[in-house]
Amino acid sequence: MTNISRRGFLKGAGASAGALAISSIAPLPASAATGRSDSLILTASRMGPLLCEVKDGQLVSTKSGLAQTVPNSLQLTGPSQVHTKARVKYPMVRKGYLENPSNPQGVRGRDEFVQVSWDDAYKLIHEQHMRIRKQYGPESVFAGSYGWRSSGILHKAQTLLQRYMSMAGGYSGHLGDYSTGAAQVIMPHVVGSIEVYEQQTTYPVILENSEVVVLWGLNPLNTLKIAWSSTDGQGLEFFHQLKKSGKTIIIIDPMRSETAEFFGDAAQWIAPNPQSDVALMMGVAHQLLANKQHDTEFLDKYTVGFDKFEAYLMGKEDGVEKTPQWAAEISGVSVKQIELLAKIFNENRTMLMGGWGMQRQQYGEQRHWMLTTLASMLGQVGLPGGGFGYSYHYSNGGNPTRDAGVLPAISPTLGGASAGGNDWAIQGSVTAFPVARIVECLERPGAQYQHNGHTLTFPELKMIWWAGGANFTHHQDTNRLIEAWQKPELIVISEPYWTAAAKHADIVLPITTSFERNDMTMTGDYSNQHLVPMKQAVKPQFEARSDLDVFSDMAEFIRPGGKNVYMENKTEMEWLRDFYKAAQQGGRNARVPMMNFSKFWEANELIEMKWNEKNAQFVRFGDFREDPVMNPLGTPSGKIEIFSKTIEGYKLEDCPPHPTWIEPTEWAANYKQGELQLMTSHAAHRLHSQFNYADIRKEYAIQDREPITIHPEDAKARGISDGDLVRAFNDRGQVLVGAHVSDGIKQGSVCIHEGAWPDLDPKTGMCKNGGPNVLTMDIPTSRLANGNCGNSGVVRIEKFVGEAPTLTAFTPPKNG
Ligand SMILES: Nc1nc2c(c(=O)[nH]1)N[C@H]1C(S)=C(S)[C@@H](COP(=O)(O)OP(=O)(O)OC[C@H]3O[C@@H](n4cnc5c(=O)[nH]c(N)nc54)[C@H](O)[C@@H]3O)O[C@H]1N2
Ligand SMILES: Nc1nc2c(c(=O)[nH]1)N[C@H]1C(S)=C(S)[C@@H](COP(=O)(O)OP(=O)(O)OC[C@H]3O[C@@H](n4cnc5c(=O)[nH]c(N)nc54)[C@H](O)[C@@H]3O)O[C@H]1N2
Ligand SMILES: [Mo]
């Protein structure tokens, strides 16, 4: 176990204030950053701007389009993305479906596929879509289609699907996401904003003012390789600077993550049991309270309900005092360490950075509520470098917002002047359900359930069209999903690759990758640091078409002239030109000069937006702290709600009205023999399921399977050695994984990173690729948020004996 000395902890604390001034994080100059080269084509991806090398029509290499200090393995995956054998080449229809679409034979996932022409595929989808819509109404058509499709403001798969469905008369959509399902619903009750997708106290302010930085369940060295728009690269640079700063860095994570490895001796690693963070935070809170080190002035002025929480903490509510001893037993972190954490936090300007894996667990709502409560007790919220921040590991939260011309994006409904005057009755989503409850929705159509204080009803889904998401990989309890997946009458998947979802569809449409079309993007979701042309590098592979082409073609089937209405009478390049013009207008207002579109497109260069000194000094909650009356929070009280009367009014057993420790269902107290806690963190060399097929897989796969990290003691007790094949199983399913035996994980837990493509052996049901969602629980975090619990559950492991089945995850079906 980690043994942290006080000296280790305090080294550097407070010493380096001002040593790294703002200029140290100021980004590289634009000319150095663009990496302009006549022979390389500039595009962008989630992993940032990319330079593409093309030879004889083949994409042979991709590399960062920005200068960077910390390498990003994902940027090299371009050639695999375009040329992998896992590509869908032609439109394909399941045999039993094609033979009789109104009454299909065979089973999804077990049938053969037959190649059809694009026209036949369109016609078939149109006829069945219209039949279903007429028979069951728009709510029977699911177009929620959640997922991390490629970057770009025009080729937005889900939006383009919804645009088509809006023209067809509406659809069932989704609420929330898989990322922050719990936190994004609880935080508005607590501080009036979602926090998880908001600009943070900036990097320069942290570097200048924070003395202690806590990475609570945060693995930024992995997760900052990407951004929702396209990464600006500054997040990795910031953590590089932070490492050099000599500040006290504390990492609280059951795994010695890539980030912990990166910091090495520059950080202290504390490993709690997975799912135990609320108890650990409460132990620290109790210690502060016991020593009267909580900031009563702050609590009085800026929060409500601390008295009720205090009563709970002291055991007056449930008879259990949440002492460090109590917390140590639950979390596996020693009393001494808990007491030390309280001391360090209290004595120093401390920034509590919260990651999201810990809220993808049962009762996940409690994590960020409790961390906010702890930060409130420390009284540093709204001070430069103090308080909490829940987006430092994501999309470069903290990189100052630039003065910029910002690109708009295509919308799910028709807009713009050119669409005016048409007589289409545009209808967006007619109903929606929490995104991670889709299997429950398929299982219980018409059933009522609670969501954030509302009683909602599940629609009955008869048609599903997924474009731009990998739901067979991202959803929990794969076997339960496969069963529910048999219920709809039609399932269409638009995909570049033969994913598990594609293999379980009726109709599969081959889609281009972002390297095969033209688009644009901003970088840095909060910073708007660059505007990047995404230039087509290679021609569409095989018969692949873009989502834009597919859905605009489909619109023509709804009614003649539909394609023009969908496209608003513009071509791909005309859309880009108009988006650029809008950005240019914004740029003019912000005094950022931008050349005209044709020159920009010719230039093959990105535009770097203007540094804003005032934005660089942004302190989250700074204005609230300065004047809470003039700048109240968006909560009912206008203050931080440690006790929420609103949530009290919901009367939810699984989400009490103040932060509460609730023992999860799959937890030590209920362990069957030999069970271990399962974590499913995000992988270093993938974006979820994306690039699982790529060359880089060779670097991490063990005996051609997804690795499972096991503590040496747990491995020894089961006769497992490093490199062995392992069967991991529970009541929900079984997977084949490769043992990575390491002391970089809390004993009693294992980790299989999310994102391996399900590849279920038809005979045994075993997932041959090691997809962890075969093992995870499909339950809501609570009926407050209905978030997913993918990062929790228990599992048993044993050495795999016998002949290993051949991996088929990336093999197209016969004829495919
Ligand atoms: N157990 C467990 N499960 C989890 C998580 C976890 O931590 N643990 N994490 C959850 C989280 S946070 C998330 S966000 C989800 C991620 O779930 P997803 O976002 O669904 O995962 P991706 O693998 O990124 O899926 C994107 C898919 O879009 C396809 N695609 C890419 N570009 C295009 C395009 O231009 N057009 C079309 N039509 N398709 C395209 C890709 O091939 C890929 O199949 O997973 C969730 N699931
Ligand atoms: N390379 C890469 N980057 C990504 C993604 C990706 O798939 N690959 N996905 C992107 C997306 S969509 C999202 S939502 C974010 C995800 O961002 P996060 O949800 O924050 O990422 P995770 O890897 O799930 O968890 C972060 C850390 O929390 C630790 N952890 C797990 N369980 C617990 C626990 O119970 N307590 C504590 N204290 N720590 C715990 C894990 O070991 C891990 O090191 O990342 C984004 N960035
Ligand atoms: Mo996510």
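Just follow the structure's listing: the first ligand is 1, and inside any ligand the first atom is 1. We number each residue from 1, following the sequence as shown.
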Find all atoms of ligand 2 within a distance of less than 4.0 Å from any non-hydrogen atom belonging to Met255, and give their numbers and elements.
42 (O)

Pair Trp465 + Phe551: ring centers closer than 6.0 Å
yes

Distance under 4.0 Å to a non-hydrogen atom of Asn222: what atoms of ligand 2 satisfy this?
1 (N), 2 (C), 3 (N)

Under a 4.0 Å heavy-atom cut-off, what residues line ligand 1?
Tyr146, Gly147, Trp148, Arg149, Ser150, Ala157, Tyr178, Ser179, Arg360, Ala467, Gly468, Gly469, Ala470, His474, Gln476, Ser494, Glu495, Pro496, Tyr497, Thr499, Ile511, Arg517, Asp547, Thr680, His682, Leu687, His688, Ser689, Gln690, Glu754, Asn773, Thr776, Gly790

Counting the benzene-type ring for Trp, do Phe810 and Trp757 have ring centres under 6.0 Å apart?
yes

Does Glu329 CD have over 12 foreign heavy atoms under 6.0 Å away?
no

Side chain to side chain donor-acceptor pair (under 3.5 Å) against Thr350, all qualifying residues, sequence neighbours excluded:
none

In ligand 2, the atoms that come under 4.0 Å of a heavy atom of Ile252 are 38 (N)

Can you list the ligand 2 atoms lying under 4.0 Å from a non-hydrogen atom of Ser257?
44 (O)

Ring centroid separation for Tyr178 and Tyr146, is it under 6.0 angstrom?
yes

Only one of Tyr197, Trp356, Tyr390 forms a side-chain contact (heavy atoms from CB on, under 4.5 Å) with Gln184, so which one is it?
Tyr197

Would you confirm whether the ring centroid of Phe142 sits within less than 6.0 angstrom of the ring centroid of Trp466?
yes

Test ring-ring contact (aromatic ring centres under 6.0 Å, His included) applied to Trp148 and His682, His688, His474, the passing residue:
His688

Provide the number and element of each atom of ligand 2 under 4.0 Å from a heavy atom of Asp277.
34 (C), 35 (O), 36 (N), 37 (C), 38 (N)

